[in-house]
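In what follows, chains carry the letters A, B, and so on, assigned in the order in which the sequence lines appear, proteins first and then strands, with residues in each chain numbered from 1.
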2 protein chains.
Amino acid sequence: MPVVISSQPKSLPIREGNVYAANCPSRSVLDHVTSRWGSLVLVLLLARTLRFGELAREIGGVSQKMLAQSLQVLESDGFILRTVYPTKPPKVEYSLTPLGREVAQHVQALTGWVEQNVTTILEHRENMQKSQD
Amino acid sequence: MPVVISSQPKSLPIREGNVYAANCPSRSVLDHVTSRWGSLVLVLLLARTLRFGELAREIGGVSQKMLAQSLQVLESDGFILRTVYPTKPPKVEYSLTPLGREVAQHVQALTGWVEQNVTTILEHRENMQKSQD
DNA sequence: CAGTATCCTCAATGATACTG
DNA sequence: CAGTATCATTGAGGATACTG
């Protein structure tokens, strides 16, 4: 599948994809890294390598199924490295690839900003409620 | 609804929310700004104020329903300002609030990175396919 | 133009149970 | 421990038609 580009900026860096084109593959990549659980996984792994069970415990509300699925997608995109130690019981470690580390930093900036500004946003939401006249 | 914080970093800035807590409101904010269409809207409005029809045309594949819904959510979070000119036909302009401009910049960094790295990621996906043995 | 209203569908997600 | 398999649900999202 070809990468779709509708317009190119005049200066570098070269944009290989265009998230505004309906059929551009960059859409799916963006979906993966901004997915509900995928985004949280990326930021956690930025701090350190974690095992499946650890990730499950850190991320409140995630199911085994969704965690496994999110990890697989991020692995297939090349963001996550899955290392299996053939011990008994099995031990599996998840870490970030260099590429994964790059995206994760951007995602972390976003989640961090959100965490630091929730209160302001919640207040705005409530003010909107009141001024429904 | 109280903001849930499970742990506090030792240094500033103070984290008001925790996206890893299942019931923390920051979760919904993160969902809004990383939503399929919401994220694209934010980045577009970073460049300039746009009308509903313009947004619809810029964002490939979006339906009127989803665009309207995304705009409403982002407006209620305080990221987007909706200005109505009571002309005939009606004219409605969407722009970013100062708060919206802040998140949008983080989102733009993310979408930009994705656009610049799609090719690498697609190659990795295909290599994974092959090595399925 | 800038939406809203309705209907409809399927895919994302969760719950539960099972396994190497 | 680290998942997979299966089933059930529901709500996100699209298509279409209508309106101030």
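Side-chain N/O atoms of A:Y94 include none lying less than 4.0 angstrom from OP1 or OP2 on D:dC1. One finds a side-chain N or O of A:R51 lying less than 4.0 angstrom from the OP1 or OP2 phosphate oxygen of D:dA2. Distances shown here put every side-chain N or O of B:R82 at or beyond 4.0 Å from the OP1 or OP2 atom of C:dA2.
Here the side chains of A:V41 and A:L67 are in contact, with some heavy-atom distance below 4.5 Å. No side-chain heavy atom of A:T83 sits under 4.5 Å from any side-chain heavy atom of A:V92.
For B:V73, the side chain to side chain contact (heavy atoms under 4.5 Å, CB included) partners are B:H32, B:D77, not counting sequence neighbours. Residues passing the side-chain hydrogen bond (donor to acceptor under 3.5 Å, both in side chains) test with B:E102, sequence neighbours excluded: A:W113. In this structure, the side chain to side chain contact (heavy atoms under 4.5 Å, CB included) partners of B:R51, at least two apart in sequence or on a different chain, are B:E54, B:K91, B:E93. Listed by chain and residue number, nothing satisfies the side-chain hydrogen bond (donor to acceptor under 3.5 Å, both in side chains) test with B:S95 (two or more places apart in sequence, or in another chain).
A:L81 is not connected to A:L96 by any chain of hydrophobic side-chain contacts under 4.5 Å among Ile, Leu, Val, Met, Phe, Trp and Tyr, and they are in different clusters.
One can place CD of A:E54 at 10 Å from P of D:dC1, the figure rounded to the nearest angstrom. D:dG3 atom P lies 13 Å from atom CZ of A:R57, rounded to whole Å. The CD atom of A:Q72 sits 15 Å away from the C1' atom of C:dT13 (whole-angstrom rounding). Regarding A:K88, its NZ atom lies at a distance of 15 Å from the P atom of D:dA2, rounded to whole Å. If you measure from atom NZ of A:K91 to atom P of D:dA2, you get 9 Å, rounded to the nearest angstrom. Separating the CG atom of A:L67 from the P atom of C:dA15 is a distance of 14 Å, rounded to the nearest angstrom.
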Under 4.0 Å protein heavy-atom contacts per nucleotide of nucleotides 13-20 of chain D, with B for base, S for backbone only and - for none | BBB-B--B
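Between A:R15 and B:E115 there is a salt bridge, with a side-chain nitrogen of the basic residue lying less than 4.0 Å from a carboxylate oxygen of the acidic one.
In this structure, A:E93 reaches neither bases nor backbone, as no heavy-atom distance under 4.0 Å exists between it and the strands shown.
Of the possible donor and acceptor atoms, one in the side chain of B:Y20 sits under 3.5 Å from a partner among the backbone N and O of A:L40.
The strand DNA chain C forms stems, runs of 3 or more Watson-Crick or G-U wobble pairs with distances below 3.5 Å, at C:1-20 with D:1-20.
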